[in-house]
Amino acid sequence: MCQNCGSEEVKAIQADLIMFEPYGDIDLDTDPCIFTACRHIFTLSTLDGIMSMADHYKIDDGSGTVVGLKTSSEPFSSHELKACPVCRGSLRNIARYGRIVRRALPDESAKKLVVWANKTYTDLAENLATNEEQLLASIDTVLKPSQETMLLGSPLDQCRAVRTSKTGQRYRKVFTTRRYVEEFVKRLRKEEQPYQRVRDLVETARRKNAEAGIAEFDFASSELQFRERLQAVSLLIRCDVVIFSDVINMHDMTAAGRTKGVLELEFTANRAACDDLVKEARETHSVREDVEGQLLWARFAAMECGAFDVAREDVRQEAIAHNDALNAEALDRLTLAEDVCDQFAGKKVSPTQGLADQISDVRRMLNAGVSTSEMTMVVAAMAREFLGTGHWYRCANGHPFTIGECGMPMELARCPACGSSIGGQNHQATEGVEHARDIETQFGGLRL
């Protein structure tokens with residue numbers, strides 16, 4: 001490769017890609033050449049320009065020499081991994097460009113991680129949706145044995161209780177999906193991400209060779225893929241929602257009587273996981289995951305409140321007060337989530353797309369803000385006023401009332417709570433009055 005002793009073929013290699021000069025005509029004293037492992041020749045100015053040296057180093061304008069190091073480049077700064085401009089061969093063995101080439105490696109790894117994480121999330125979310133559809137489609141025909149179900153403690157304890165129940169086989173597919181999602185979350189931990197792994201390796205080398213003076217490897221938190229991890233965490237929580245919702249529905253559809261079984265719920269740990277999701281989402285400005293965290297918190301509260309049996313003889317006032325407070329906080333969180341959704345309403349691209357309908361569904365689950373104690377007082381008041389059994393309705397303003405099976409008598413033409421018209425004939429309610437099935441379901445066993 002000598003400029004004097006080399007063959008004419010070597011001397012004819014185009015080394016200056018700016019002035020299109022061959023290697024044999026280059027003045028090596030003013031513009032030295034670099035020889036790559038793939039046996040190509042480039043002038044220093046040519047390869048420095050291709051490698052974007054000025055973006056990474058401070059260069060003297062007069063001499064063109066490197067005089068200092070710039071701050072770390074932003075993530076994904078390289079559009080592609082730098083390579084030989086002729087054959088795309090590796091330049092990792094050229095010490096002059098070591099920092100640029102090696103910096104691009106974590107960048108490329110991070111890009112691949114994002115692509116893989118988004119594809120995996122989409123596939124797992126579709127699997128979960130399919131599992132949920134299958135559970136809903138089979139709930140009317142599946143056998144519903146009498147059993148005691150205790151969904152208490154941590155999410156793992158709750159899942160273990162479902163697996164070991166009489167209907168555990170029903171959730172085999174959704175538990176498989178949950179296991180994949182759990183592994184997905186672990187793969188996206190901070191410790192497993194490219195920049196953090198490089199930093200850990202550098203830190204290990206620094207501690208083993210304290211006298212070598214190896215510099216620290218620092219990077220901005222924005223270079224970690226927090227959003228992808230939060231997506232995975234949200235999906236894992238949704239898996240639990242799908243499983244436990246079906247468990248509750250199965251129990252509610254079991255024939256009433258002494259053999260109905262017992263269902264106890266306590267989702268404190270689940271709501272704490274939602275709080276962690278909301279906290280991390282706000283720290284990383286992940287809007288959708290913030291709303292999803294509030295939504296899932298309210299969903300767990302709605303399931304717990306919906307399963308609360310106020311008609312039990314041993315129920316305490318403290319438990320009723322706790323249930324009412326939980327209901328109220330869930331509604332407040334849904335309001336916060338709705339406020340965020342409203343900020344993006346009408347925009348072509350919205351990070352909260354599709355969440356507004358889910359918020360409305362959960363709000364309906366929370367009985368439109370009517371607390372357990374309020375419903376209990378209504379039941380007691382109506383029990384004193386009316387004799388016999390009857391159906392429950394709501395007036396146009398949302399206040400509950402009952403009627404006898406003989407039809408609506410004239411004295412009930414006005415709602416006892418607000419005075420609005422509720423009169424009707426032949427079991428046909430007036431406009432705005434609707435059947436309050438949620439009250440009948442929750443308080444159907446109450447003895448007057």
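Only this structure's heavy atoms are used, side chains among them; waters, hydrogens and symmetry mates stay out. Fair warning: this is a prediction, and the values are worked out from it, not measured in the lab.
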Donor-acceptor pair, side chain of [X] and main chain of [Y], under 3.5 angstrom:
X      : Y      : value
Ser350 : Gly346 : no
Gln294 : Leu334 : no
Gln158 : Gly153 : yes
Glu304 : Phe267 : yes
Ser360 : Ala356 : yes

Sub-4.5 Å side-chain heavy-atom contact between [X] and [Y]:
X      : Y      : answer
Leu277 : Trp297 : no
Thr43  : Ile34  : no
Lys144 : His251 : no
Ile243 : Arg178 : yes
Cys33  : Leu44  : no
Leu230 : Arg288 : no
Ile237 : Asn270 : no
Leu336 : Asp332 : no

According to the salt bridge (Lys or Arg N to Asp or Glu O under 4.0 Å) rule, which pairs have a member within residues 18-45, sequence neighbours left out?
-> none
Please identify each residue that fulfils side-chain hydrogen bond (donor to acceptor under 3.5 Å, both in side chains) with [X], with sequence neighbours left out.
X      : result
Gln231 : none
Ser245 : Arg299
Arg238 : Gln358
Asp123 : Lys119

For [X], I'd like to know if atom [atom1] has over 12 heavy atoms of other residues, nucleotides or ligands within 6.0 Å.
X      : atom1 : answer
Glu183 : CD    : yes
Met19  : CE    : no
Tyr180 : OH    : no

Using the salt bridge (Lys or Arg N to Asp or Glu O under 4.0 Å) criterion, which residues pair with [X]? Sequence neighbours excluded.
X      : result
Glu132 : none
Arg207 : Glu203
Glu329 : Arg333
Arg160 : Asp157

When you measure from the centre of the six-membered ring of Phe175, is the NZ or CZ of Arg163 under 6.0 Å away and within 45° of the axis?
-> yes
Can you list every pair that meets ring pair (Phe, Tyr, Trp, His ring centres under 6.0 Å) and has a residue in residues 111-170, with sequence neighbours left out?
->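 Found Trp116-Phe184.
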Any pair with a residue in residues 7-52 that passes ring pair (Phe, Tyr, Trp, His ring centres under 6.0 Å), sequence neighbours left out, goes on the list, sorted by first then second residue, please.
->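 Qualifying pairs: Tyr23-Phe35.
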Which distance, rounded to the nearest 0.5 Å, do you find between the CG of Asn249 and the CG of Leu135?
->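 Rounded to the nearest 0.5 Å, the CG-CG separation comes to 10.0 Å.
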Does a donor on one side chain sit under 3.5 Å from an acceptor on the other, for Glu289 and Ser234?
->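 Distance-only check fails for Glu289 and Ser234.
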Does a side-chain N-to-carboxylate-O contact under 4.0 Å join Lys279 and Asp276?
-> no
What closest approach, in Å, do Val174 and Asn131 show between heavy atoms, and which atom pair accounts for it?
->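 Answer, listing the atom of Val174 first, then Asn131: CA-OD1, 3.6 Å.
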Quick one: closest heavy-atom pair of Asn327 and Leu366, and the distance?
->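 Taking Asn327 first and Leu366 second, the nearest heavy atoms are ND2-O, 3.4 Å.
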side-chain contact (heavy atoms from CB on, under 4.5 Å) partners of Ser52, counting only residues at least two apart = Asp55, Lys82
